[in-house]
Amino acid sequence: MTSSRVPHLTAKLQGFGTTIFAEMSALATATDSVNLGQGFPDTDGPREVLDAAIGAINGGLNQYPPGLGLPVLRQAIVAHQQRFYGLSYDVDTEVLVTAGATEALAGALLGLLDTGDEVVLFEPMYDSYQACIALAGAVAKPVTLRPPAYGFDVDELRAAITPKTKLLLINTPHNPTGKVLDRAELQVIADLAIEHDLIVLTDEVYEHLVFDGTVHVPLATLPGMRDRVLSISSGGKTFNTTGWKIGWLCGPPELITAAKTAKQFLTYVNGGPFQVGIAAGLAMDQSFFQGVAANLQARRDQLMPGLEAAGFEVYPTHGTYFVTVDIRPVRADGDGMAFCRDLPHRCGVVAIPNEVFYMNRHEGRHLVRFAFCKRPEVIDQAVERLQRLAD
Ligand code: PMP
Ligand code: GLN
C-alpha cells in the first residue's frame, strides 16, 4: 500500500499502487540484475505440454473456448484430482477453467462476497487477495504467521472469526514463506469452518512443489470439507508456463456457479490452445511431478547456503519457489523495502520485500523473499554477487 492519492482511481483501490512484481522485474531489466524477485522459471516446461498447445493452434483451435473451459482440460483436472487426492468432481458442474489462479481468486471473491462481509486469512499473503477483497467491498481480517515456523495461533484464528465472516482464504504451500500446512493444522481450520459454517477458498497453485518428503494435503480431503471448499490451482508453476495463465477452480456446483457468474464478466474465457497444453501436462506420469519438485529442491539447497554466506538469517522453506530471509544481520535498520530497491545497484540481484504481503506491514518490514526457480548457473551468479554483502 502506498500513501499518495491517485486521481480518478476508485476509492476501493487507493493505496494499492503498482504490484511489487512489476516494479522489481522492471528494476531487474533496467539494472541488468539477476531477477530472484518475481516468481517465474527461466526454463521451458515439458516438450509434450508445449507441443500440445502448438498442435492446438495449428489445428485451428483459435476461437473462444466454452465458458467453463475446454472439456479436454476439465476432464484432465477431474482425473488429476482423483489420481493425486482421491477427490471426485463432476466435469460439467464442479470445475471451472480461469485466466490463471489470479482470475480464479477474483471470480470466487467477487462472486461470493457482499459489501461488509469479512474474509479471514493469513498474512503474509499473495498480493491479489487484498485487492480483490477490497474490490468486492468486503473486509480482510489477517492473522499473522511468524517465522521461523510460520505456524498460526489457534486462538488468534478463532478470534478473527465474527458473525460477519463469510469465508476463510488459505494458501498452502504458501507464498512467500514456503510453509506447508500439515494435516493437524488443516483439521483446526476445518473444525472452525464447520463450527461457523464458513466457505473456504484454498489457493493450491504450488501443490506439486513440495520438498523433503512433505505432502500437500488439500483441505477438501478432510472429513466434511469437500462441499464447503472451493480449491484453486494453476498450470503456470507446475509446467513452467506462468505466461499462459491457465488456472481452475474445483468445488460443489453452487460455489462454482457463484464464481463463474463473476468470472464470465472478467475475461469470459481465455487461452484455448494453452488449455490443451495444460491438459497434456496434467496427464503426465507421476515421475514428471516428482522430478519438478526434486529439481526445485536442489535449487533451494543451492541458494540457501549462499544466502547464509551473504550474512542473512535464512528461514526454512518446505515448498513453492521461494525462501524468506531476515535482513537485519546485513542491514541493521531492517528496512526491507529500501534494501530491495538498493540491492540491484549494490549487487546486481533483485528480491522482493515481504512487507508488501502484510496488512500489518511492520510484521514483514525486515523480511525479504528470494526465488530459486532458476537455472543452477543463474543461482550461482546470484550467490556470487550477494557475497559482496558479506565482504
Ligand atoms: N496464488 C499464489 C499464491 C501465487 O503465488 C500466484 C502467482 N504466482 C498466484 C496465485 C497467481 O497464479 P497465476 O499466475 O496462475 O494467475
Ligand atoms: N506469483 C508470482 C510471485 O509471487 C508473481 C505473480 C505476479 O507477477 N503477479 O512472485
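In each ligand, atom 1 is the first atom listed, and ligand 1 is the first ligand listed. Only this structure's heavy atoms are used, side chains among them; waters, hydrogens and symmetry mates stay out.
- At a threshold of 4.0 Å, the pair Arg228-Asp197 counts as salt-bridged, since one of the basic side-chain nitrogens sits closer than that to a carboxylate oxygen.
- Between Phe122 and Phe152, the ring centre distance stays below 6.0 Å.
- Below 3.5 Å of separation, one finds an N or O of Ala101 facing an N or O of ligand 1.
- Among protein heavy atoms, atom 6 (C) of ligand 1 sits closest to Tyr126 CZ, 3.4 Å.
- Here is the list of ligand 1 atoms found below 4.0 Å of a heavy atom in Gly100: 15 (O), 16 (O).
- Residue contact check for ligand 1: His174 places no non-hydrogen atom closer than 4.0 Å to it.
- Within the 4.0 Å heavy-atom criterion, neither part of Glu103 lies near ligand 1.
- Contact analysis leaves Thr242 out of contact with ligand 1, as no non-hydrogen atom separation drops below 4.0 angstrom.
- A salt bridge between Arg299 and Asp301 is absent, with no side-chain N of the basic residue lying under 4.0 Å from a carboxylate O of the acidic one.
- For the pair Arg369 and Phe322, the cation-pi test (distance below 6.0 Å, angle within 45°) is passed.
- Only the side chain of Val205 comes within contact range of ligand 1, with a heavy atom under 4.0 Å; no backbone atom does.
- Taking the six-membered ring for Trp, Phe357 and Tyr126 have ring centres at least 6.0 Å apart.
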Protein N/O near ligand 2 N/O, under 3.5 Å, which pairs?
{"from": "ligand 2", "atom 1": "4 (O)", "to": "Asn175", "atom 2": "ND2", "distance (Å)": "2.9"}
{"from": "ligand 2", "atom 1": "4 (O)", "to": "Arg369", "atom 2": "NH1", "distance (Å)": "3.0"}
{"from": "ligand 2", "atom 1": "8 (O)", "to": "Gln38", "atom 2": "NE2", "distance (Å)": "2.6"}
{"from": "ligand 2", "atom 1": "9 (N)", "to": "Tyr126", "atom 2": "OH", "distance (Å)": "3.1"}
{"from": "ligand 2", "atom 1": "10 (O)", "to": "Gly39", "atom 2": "N", "distance (Å)": "2.7"}
{"from": "ligand 2", "atom 1": "10 (O)", "to": "Arg369", "atom 2": "NH2", "distance (Å)": "2.6"}

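- Among protein heavy atoms, atom 14 (O) of ligand 1 sits closest to Lys245 NZ, 3.2 Å.
- With hydrogens and angles ignored, the 3.5 Å screen pairs a side-chain donor or acceptor of Gln275 with a backbone N or O of Leu70.
- Between Phe288 and Phe239, the distance from one ring center to the other falls under 6.0 angstrom.
- Between His318 and Phe211, the distance from one ring center to the other does not fall under 6.0 angstrom.
- When ring centroids are compared, Phe84 and Phe289 come within the 6.0 Å threshold.
- Counting protein heavy atoms only, atom 2 (C) of ligand 1 is closest to Asp203 OD2, 3.3 Å.
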Solution key, residues 264-273 side-chain donor-acceptor pairs under 3.5 Å, sequence neighbours excluded:
{"from": "Gln264", "atom 1": "NE2", "to": "Thr261", "atom 2": "O", "distance (Å)": "3.3"}
{"from": "Thr267", "atom 1": "OG1", "to": "Glu103", "atom 2": "OE1", "distance (Å)": "3.3"}
{"from": "Thr267", "atom 1": "OG1", "to": "Glu103", "atom 2": "OE2", "distance (Å)": "2.6"}
{"from": "Thr267", "atom 1": "OG1", "to": "Lys263", "atom 2": "NZ", "distance (Å)": "2.9"}
{"from": "Asn270", "atom 1": "OD1", "to": "Ala99", "atom 2": "N", "distance (Å)": "3.4"}
{"from": "Asn270", "atom 1": "ND2", "to": "Lys245", "atom 2": "O", "distance (Å)": "2.8"}

Expected list for residues 54-64: side-chain donor-acceptor pairs under 3.5 angstrom, two or more places apart:
{"from": "Asn62", "atom 1": "ND2", "to": "Ile57", "atom 2": "O", "distance (Å)": "3.0"}

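- Atoms of ligand 1 found under 4.0 Å from any heavy atom of Asn171 (numbered from 1 in listed order, with element): 3 (C).
- For atom 11 (C) of ligand 1, the nearest protein heavy atom (residue, atom name, distance) is Thr102 OG1, 3.3 Å.
- Protein heavy atom nearest atom 8 (N) of ligand 1, with residue, atom name and distance: Lys237 NZ, 1.8 Å.
- Scored by the side chain to side chain donor-acceptor pair (under 3.5 Å) test, Thr202 finds Glu204 as partners (sequence neighbours excluded).
- Residue contact check: Asn175 has heavy atoms under 4.0 Å from atoms 3 (C), 4 (C), 5 (O) of ligand 1.
- For the residues Tyr206, Tyr129, Phe21, Trp248, the heavy atom positioned nearest atom 5 (O) of ligand 1 is part of Tyr206.
- Proximity of Ser234 to ligand 1, defined as any heavy-atom pair under 4.0 Å, is confined to the side chain (atoms from C-beta onward).
- Other residues, nucleotides and ligands contribute more than 12 heavy atoms inside 6.0 Å of the CZ atom of Arg83.
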